[in-house]
Amino acid sequence: MSKSVKIASIYPTLLGTYGDGGNVAALKHIAGLHEIAVEILEISPGQTVPHNADIYVLGGGEDTAQSAAAAALHASGALAEGVKNGASVFAICAGYQILGHTFLDAEGKPSQGLGLLDVTTDRLEKRAVGEMIAIPSEFAPAALSQAFTGYENHGGHTHLGSDVRPLATVTHGIGNGDGTEGAINGRVIGTYFHGPCLVRNPLMAEQLLSWAVDRPLEHIVEAEVEALRYERFDFVSKN
Ligand code: GLN
């Protein structure tokens, strides 16, 4: 069997609001369906972030936890090193904002991010809360052929610079705040789709695994699963 894929779950106690930890469980499950062995490294604050993971997963978080996570990751430098070595990063909401240059802390002051995505985040006029649907942009990997569905809950308005591309175009919801949703640069992906995003969007999980094993993966998503992806959205829009 080939070497196992190392998945680093970064500070799930700080960055794990709204079940984002489920993304790591989804990666593990989908890897199993593809007979890919995985090693899950759950990194708590204070622990060393590995430089040699294949996939780094960051969830969302409250403003204070987000600032603490950003400061620790900045001091560590491990994510930048991992990305240089070909790792992918999948980051949600607060995690996404941390990957950018700056975001606002609980007092509204700009905090330094990691600069792995050319984005900056300030505040939306009104907090974005609710179900969201977005169509993958032309810059998303071709294997991401289905609309993304999920929910968002954030005050951040994210502005994309010239060195980054939008992950998707919003058809329902707010996303970055300008009609686009998320950002992608190489194998670094940020999104406002909360967790477990990879449960509702398993093609994204397959894309991350495909990068890690360096080969295309066949889609395992069946038509019934595809229908289920919209069930929650339909429920919310009708109630
Ligand atoms: N604190 C950030 C915001 O409100 C991120 C929130 C989150 O991760 N849900 O924009």
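Whatever order the structure lists ligands and atoms in, that order sets their numbers, starting from 1. Small disclaimer: the values here were computed from a predicted structure and weren't measured.
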Discussion item. Any nitrogen or oxygen of Tyr18 lying under 3.5 Å from a nitrogen or oxygen in ligand 1? Just yes or no.
Written reply: no
Practice prompt. Give yes or no for whether the N/O distance cutoff of 3.5 Å, strictly under, is met between Arg123 and ligand 1.
Written response: no
Item to complete: Find all atoms of ligand 1 within a distance of less than 4.0 Å from any non-hydrogen atom belonging to Gly60, and give their numbers and elements.
Response: 8 (O)
Worksheet entry | Verdict with supporting geometry, Thr121 and Thr158, side chain to side chain donor-acceptor pair (under 3.5 Å) | CA-CA 4 Å; Thr121 300; Thr158 298; 2.9 Å; yes
Discussion item. Taking only non-hydrogen atoms of Glu152, do any sit less than 4.0 angstrom from ligand 1?
Written reply: no
Fill in: Asn201 side chain to Leu203 backbone, donor-acceptor under 3.5 Å
no
Worksheet item: Which protein heavy atom lies closest to atom 1 (N) of ligand 1, and at what distance to 0.1 Å?
Response: Asp63 OD1, 2.4 Å
Fill in: His154, Glu62, Gln66: member with heavy atom nearest to atom 2 (C) of ligand 1
Gln66
Item to complete: Spell out, as yes or no, whether a donor-acceptor pair under 3.5 Å connects the side chain of Asn185 to the backbone of Leu117.
Response: no
Worksheet item: Are there more than 12 heavy atoms of other residues, nucleotides or ligands under 6.0 Å from atom CD of Glu62?
Response: no
Item to complete: Please report which non-hydrogen protein atom sits nearest to atom 5 (C) of ligand 1, along with the residue it belongs to and the distance in Å to one decimal place.
Response: Gly61 O, 3.5 Å
Practice prompt. Flag Ala94 as yes when one of its N or O atoms lies below 3.5 Å from any N or O atom of ligand 1, and as no otherwise.
Written response: yes
Worksheet item: If only atom types and distance count, is the side chain of Glu42 paired as donor or acceptor with the main-chain N or O of Ser9 below 3.5 Å?
Response: no
Worksheet, complete the sentence: Arg127 heavy atoms within 4.0 Å reach ligand 1 at atoms 4 (O)
Worksheet item: Does any donor atom in the side chain of His194 or Asp20 lie under 3.5 Å from an acceptor atom in the other side chain?
Response: yes
Practice prompt. Assess whether atom NE2 of His157 is packed by more than 12 heavy atoms of other residues, nucleotides or ligands within 6.0 Å.
Written response: yes
Discussion item. Are any of the N/O atoms on Cys93, whether in the backbone or the side chain, positioned under 3.5 angstrom from an N/O atom of ligand 1?
Written reply: no
Discussion item. Salt bridge check, Asp214 against Lys3: does any charged N sit closer than 4.0 Å to a carboxylate O?
Written reply: no
Discussion item. With a cutoff of 4.0 Å, is Asn153 in contact with ligand 1, counting heavy atoms of the residue only?
Written reply: yes
Item to complete: May I ask you to list the atoms of ligand 1 that are less than 4.0 angstrom from any heavy atom of Gln97?
Response: 2 (C), 3 (C), 10 (O)
Worksheet item: Among protein heavy atoms, which lies nearest atom 4 (O) of ligand 1, and at what distance?
Response: Gly155 N, 3.0 Å
Fill in: Side-chain donor or acceptor of Glu181 paired with backbone N/O of Tyr192 under 3.5 Å
yes
